[in-house]
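Report on the following structure.
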Amino acid sequence: MQEFFDIAKTDFMDTFGGAWLFPLLAVAALWILWQEKDPTRKLLLGALPLIFLLLYWCPLTGILFMKILGENVYWRILWLLLPAATIPYGGCLLLKKLTGLRRYGAFLLCLAGIVLCGKNLLSEEWFEPSTNVYKIPQYVVEVGELLPDHVHAMVSNRVMPYIRMYNPTITLAFGRNALIWNGMEAPVYHDHMLYLEAQKEEIDLDVLIPLAEEMEIEFFVFSNNRTYLGEWEAYGYKLYGSTNDFNIYARADWSGKEPTERWKE
C-alpha cells in the first residue's frame, strides 16, 4: 500500500510540480459542477476530472491499474485530465454570470491566474535552439556523418533515439525500449546480457564482443569517456572514427562491400 502511494505521489508531483495549475483545475471542475446546467458538459468537464483523480489516488483502483498498465506508465492516467478545456470553460461560466466592468475585471483575473499558475512552455527546460535542419542533437549528426549506410550498430543511449532520424538505413541492436532494462539484476535473455554489459562503468570486451557478434553487430558507438577491460584491437576491431563526444569502433576487416538490408524489413 505504501509503495503505491509513493509511486502515485512521485508521478503526480512530476506532472504538476512547479506550478499551481492543479488547484486551478480542481476549482474549475467544482465550479462547473455547481454552475453548468447541461448534463453532458457537467459530466465531461466537471465530473470526469474528479472521477479520474479519485481512481488515480484510490489504492484499490490504483494498484489494479498498475498491474494492468505497469508502474512505469501508471502516471499517464493523469493525461485524462484536461486542464486546457476545463479551466477555460470554468472561466467562461464565471464571465457569463457577470456584466459590465465586473466581467472585464474577472476576465483579467482569470487571465492572470492562468499565467501565474502555469509554467512557461517555451522555457529552456523544455526547448533548446535547433542547431541543424534535422532538429536533432548536433552530436548525433556528427556521429551520423561518420557511420556508413546500411550498417548494423550498437550505439550509446544518448544516440539511440535519434540516429535513424538522420540515416534510416542504419539498423540498431536496440531501440529506446531497451532503456527499461536499466537496473535489471538478473538478465534472462541474450540481448539483456549484451545491453546490460554496455551500461557498466567499465565494459568487459571479453563479454561484450562475443555477445554482439552473435547479433551480427558491425559498429559500436560509445561515449569517449568509457573505459574497457581489454583492447579493441585484440578482438579484431579498430577505432573507425571519433567526435567530440563519441568513439566509433568497427571490425578491422570491415569493407562495406556487402551492406546489410535490415532497414528494408
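Hydrogens, waters and symmetry mates play no part in the numbers below; they use all other heavy atoms, side chains included.
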**OP:** Start with the C-alpha distance between Ile203 and Tyr228, add both sets of side-chain angles, then the distance that settles side-chain contact (heavy atoms from CB on, under 4.5 Å), and finish with yes or no.
**Re:** CA-CA 5 Å; Ile203 299 174; Tyr228 308 95; 3.8 Å; yes
Identify all side-chain donor-acceptor contacts of residues 101-110 below 3.5 Å with residues at least two apart in sequence or on another chain.
unit_1 : atom_1 : unit_2 : atom_2 : d
Arg103 : NE     : Leu95  : O      : 3.0
Arg103 : NE     : Leu98  : O      : 3.0
Arg103 : NH2    : Leu95  : O      : 3.3
Arg103 : NH2    : Leu98  : O      : 2.8

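Cluster partners of Trp79, using a side-chain heavy-atom cutoff of under 4.5 Å among ILVMFWY residues and allowing indirect links, are Trp75. Cluster note: Leu54 groups with no other residue, as no ILVMFWY side-chain heavy atom lies under 4.5 Å from it.
Atom CG in Leu116 sits 9.0 Å away from atom CG in Leu111 (nearest 0.5 Å). Residue Tyr249 holds its OH atom at 8.0 Å from CD of Glu233, rounded to the nearest 0.5 Å. Of the inter-residue distances, the one linking Tyr235 atom OH with Arg251 atom CZ reads 13.0 Å to the nearest 0.5 angstrom. Distance check: Gln138 CD to Thr131 OG1 gives 4.0 Å after rounding to the nearest 0.5 Å.
Between Phe16 and Phe12, the ring planes are tilted. Angles from 30° to 60° get that label.
Listed here is the closest heavy atom pair of Pro83 and Leu25: CA-CD1, 3.9 Å. Listed here is the closest heavy atom pair of Leu55 and Thr61: O-OG1, 2.6 Å. Nearest heavy-atom pair across Met154 and Ala198 is CE-CB, 3.2 Å. In plain terms, the two heavy atoms of Tyr89 and Arg41 that are nearest each other are OH-CD, 3.2 Å. Scanning both residues, Ile87 and Ala28, for their nearest heavy atoms gives CA-CB, 3.8 Å. Between Asn224 and Thr243, the shortest heavy-atom contact is ND2-O, 3.6 Å.
Put simply, the side chain of Leu69 reaches to within 4.5 Å of the side chain of Ile77, judged on heavy atoms. Side chains of Leu208 and Phe220 form a contact here, defined as non-hydrogen atoms less than 4.5 Å apart.
Residues passing the salt bridge (Lys or Arg N to Asp or Glu O under 4.0 Å) test with Lys200, sequence neighbours excluded: Glu197. Scored by the ring pair (Phe, Tyr, Trp, His ring centres under 6.0 Å) test, Tyr240 finds Phe219 as partners (sequence neighbours excluded). Shown here are the side chain to side chain donor-acceptor pair (under 3.5 Å) partners of Glu202, two or more places apart in sequence or in another chain: there are none.
By the 6.0 Å contact criterion, CH2 on Trp34 is open, its count of non-hydrogen atoms from other residues, nucleotides or ligands being 12 or less. Tyr162 OH: 12 or fewer foreign heavy atoms inside a 6.0 Å radius.
Geometric assessment of Arg158 against the ring of Tyr139 yields a positive cation-pi assignment under the 6.0 Å and 45° thresholds.
Formation of a donor-acceptor pair under 3.5 Å by the Tyr56 side chain with backbone atoms of Ala8 is found in this model.
Ring to ring, Phe174 and Tyr195 are close: their centroids are under 6.0 angstrom apart.
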